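In what follows, a single structure is set out as structure tokens and then discussed.
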There are 2 protein chains.
Amino acid sequence: MLKAERHQYIMTKLVEDQKVVTTDLALALDLSEDTIRRDLNELDSKKLLEKVYGGAVQVSEKSANIFDVYISQEEQKKQIVRKALSLLRDDQVIIMSGGSTNLVFAKLIPADLKATIYTYSLPIAMQLSQHPNIDLIFIGGKMQKNAMVTIGMDVIQVVSKIKADICFIGASSINIKQGLTEIGYEISIVKKAMIEASDKVVSMFSSDKLDTKMPHGVCELTKLNTIVTDLDPNDAQLEEYRKSGVFIL
Amino acid sequence: MLKAERHQYIMTKLVEDQKVVTTDLALALDLSEDTIRRDLNELDSKKLLEKVYGGAVQVSEKSANIFDVYISQEEQKKQIVRKALSLLRDDQVIIMSGGSTNLVFAKLIPADLKATIYTYSLPIAMQLSQHPNIDLIFIGGKMQKNAMVTIGMDVIQVVSKIKADICFIGASSINIKQGLTEIGYEISIVKKAMIEASDKVVSMFSSDKLDTKMPHGVCELTKLNTIVTDLDPNDAQLEEYRKSGVFIL
DNA sequence: TTATTTATTGCATACAAATGCATTTTTATT
DNA sequence: AATAAAAATGCATTTGTATGCAATAAATAA
């Protein structure tokens, strides 16, 4: 009896009885329990069943929701993005980068805003697809799976053809000298293209990103029209940024 | 009796009665109260119920998430797609359309499969972005927000340049004369392009789609290599489809 | 074909999990 | 505060599991 046959038998039995017991299978198939256990582990790793102590059961119905995106310090981020809502106007063409701050922003966009939004972030697109009045365009390409954004030349090509009124760029790091910097090269390129494509550039980030740097430059501070943080615009921490001429919300 | 079964029993009982009592369960399952308590504590730590003095009660309804995608008759769909898993091979280039059946399929793709998958469905991309070994390419364009898929010329252009080994197409309707048909014109066009781009065409759908029609044609039955339904391949309902030469899984 | 490698299987052994019982601690109720 | 029920804790026993190893079967190369 081939292994594949055995697996088929086990899966059939599992559907019939909702469960299988290691010892029963060993008896029925005339094999050692070891072999059965190895089979069950193999099927488990393929997510075809769930191995449990003594046998296996069908894959659990609940299937943990993949679509839950955890947002750290959501309250703080809400405070930031609420300020940025004042920058929105009807009929704008908007580009949004990824990042959890932008995701929170997307959640809070008023239901009556009519606008066209380009994004390359999967969670942001999911969020905006719930919005009744937004024309949503997803910028396709190869997915960077952990960040759930598309990257690469396809993205650059599309972005560079957009003529947007405003773009909202998340920030990994920002400081006076280098301006915006990113940990990933590819993301930095995409953000450069976003900035070129937009009349107005807004960056939202929490204050712990201030005065930090990453390897890949995105743009000088002077390219930014507006930055939005959790701090009061007059906060001492923002002194140098104020001097650079960027508008602080 | 496996522990998993017991937990299942407890959860069922909990839904029926809104509560469970330690001593009753011990009696009903013929186990010591200690074991029941350990079970209840375990389920509590998994947030599946709330342990209280003397037993356990239901956990308060968890908040509905925007990202929750409701799948009707998920069990039936699982049965369908499980059959289709046998069509997957390492190193295939795959195109997947949208639809909840395909979403269920995406969930069940074994973790060790290495493949490249193109899709234009947001939920499917979210799902596949969790998969460790799949190269995922999202096909961008204007979002059709209710279906959470991209549509339009951008999609067609990308799809028509793909050379795929296999495509998985959801079906709105299928019948002998017209073959696959769709309610939306744009989706029908995209699906046509998918079929052209793929060596092998697979369509998965539940049997209630059989012998129904929609306004926009996608393809004749003969263009399909394989169809997968919840029915047994030899079911009388599939008689005419068998005659058409399409392989039925 | 034969030789070599690789995968599969069963066994022995050490290890971990599950369970019930006795005992102590905690909790709810009067 | 007193009491009875429930829960926690430590322990012994049973049962299931992981691991290395050897024998065998299957696949691949020469």
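Chain A is the first sequence line, chain B the second, and so forth, proteins listed ahead of strands; every chain is numbered from 1. The figures that follow rest on heavy atoms only: side chains count, while hydrogens, waters and symmetry mates do not. Given the structure is predicted, the values throughout are model-derived calculations rather than measurements.
The side chain of Lys51(B) places no N or O atom within less than 4.0 Å of a non-bridging phosphate oxygen (OP1 or OP2) of dA6(D). Ser32(A) has no side-chain polar atom (N or O) that falls below the 4.0 Å cut-off from OP1 or OP2 of dT9(C). In this structure, Lys3(A) reaches the dT8(C) phosphate: one of its side-chain N or O atoms is under 4.0 Å from OP1 or OP2. The phosphate of dG10(C) (OP1 or OP2) has a side-chain N or O of Thr35(A) nearer than 4.0 angstrom. Proximity of Arg6(A) to the phosphate of dT9(C): a side-chain N or O atom is located under 4.0 Å from OP1 or OP2.
Under the side chain to side chain contact (heavy atoms under 4.5 Å, CB included) criterion, Ile71(B) pairs with Glu74(B), Lys77(B), Ser100(B), Leu103(B), Val104(B), Lys107(B), sequence neighbours left out. Every residue was checked against the side chain to side chain donor-acceptor pair (under 3.5 Å) condition with Arg38(A), not counting sequence neighbours, and none meets it. Residues satisfying the side chain to side chain donor-acceptor pair (under 3.5 Å) criterion with Glu42(B), sequence neighbours excluded, are Lys3(B). With sequence neighbours left out, the side chain to side chain contact (heavy atoms under 4.5 Å, CB included) criterion links Gln73(B) to Gln76(B). A search for side chain to side chain donor-acceptor pair (under 3.5 Å) contacts involving Tyr241(B) returns Asp211(B), not counting sequence neighbours. For the side chain to side chain donor-acceptor pair (under 3.5 Å) test, residues two or more places apart in sequence or in another chain that qualify with Asp39(B) are Arg6(B), His7(B).
When the P atom of dA25(D) is taken as reference, atom CG of Leu31(A) falls 14 Å away, rounded to whole Å. For Glu33(A) and dT13(C), the CD to P distance is 17 Å, given to the nearest whole Å. Rounded to whole Å, the distance from CD1 on Ile36(B) to C1' on dT19(C) is 11 Å. Nucleotide dG20(C) holds its P atom 8 Å from the CZ atom of Arg38(B), rounded to whole Å. When the C1' atom of dA7(C) is taken as reference, atom NE2 of His7(A) falls 13 Å away, rounded to whole Å.
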remark   = Reading nucleotides 22-30 of chain C from 5' to 3' and marking B where a protein heavy atom lies under 4.0 Å of the base, S where only the sugar-phosphate is that close, and - otherwise, the string is B----BS--
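Set against dT19(C), dA18(D), dT9(C), the side chain of Arg37(A) has dA18(D) as its closest nucleotide.
A donor-acceptor pair is defined here as one N or O able to donate and one able to accept, closer than 3.5 Å; no such pair exists between the side chain of Thr181(A) and the backbone of Lys213(A).
Of the residues in residues 13-30 of chain B, Thr22(B), Thr23(B) come within less than 4.0 Å of DNA chain D through at least one heavy atom, sorted by number.
Applying the side-chain hydrogen bond (donor to acceptor under 3.5 Å, both in side chains) definition to pairs two or more places apart or across chains, those involving residues 187-198 of chain B are Glu182(B)-Lys191(B), Glu196(B)-Lys223(B). Pairs passing the ring-ring contact (aromatic ring centres under 6.0 Å, His included) check and including a residue from residues 96-128 of chain B, sequence neighbours excluded, read Phe105(B)-Phe168(B).
Counted by atom type alone, Ser207(A) and Asp230(A) present one or more donor-acceptor pairs between their side chains at under 3.5 Å.
The bend of the helix from dT1(C)-dA30(D) to dT30(C)-dA1(D), defined by the angle between the axes of its first five and last five pairs, stands at 50° to the nearest 10°.
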If you look only at distance, which donor and acceptor atoms sit under 3.5 Å apart when one is on a side chain in residues 81-94 of chain B and the other is two or more places apart or in another chain?
| unit_1 | atom_1 | unit_2 | atom_2 | d |
| --- | --- | --- | --- | --- |
| Lys83(B) | NZ | Thr229(B) | O | 2.7 |
| Lys83(B) | NZ | Leu231(B) | O | 3.0 |
| Lys83(B) | NZ | Leu249(B) | O | 3.2 |
| Ser86(B) | OG | Lys83(B) | O | 2.9 |
| Arg89(B) | NH1 | Ser86(B) | O | 2.7 |
| Asp90(B) | OD1 | Lys114(B) | N | 3.0 |
| Gln92(B) | OE1 | Arg89(B) | N | 2.9 |
| Gln92(B) | NE2 | Leu87(B) | O | 3.3 |

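Of the inter-residue distances, the one linking Ile95(B) atom CD1 with Ile162(B) atom CD1 reads 4.0 Å to the nearest 0.5 angstrom.
Nearest-nucleotide mapping onto DNA chain D: of Gly54(B) and Asn41(A), the residue sitting toward the 5' end is Gly54(B).
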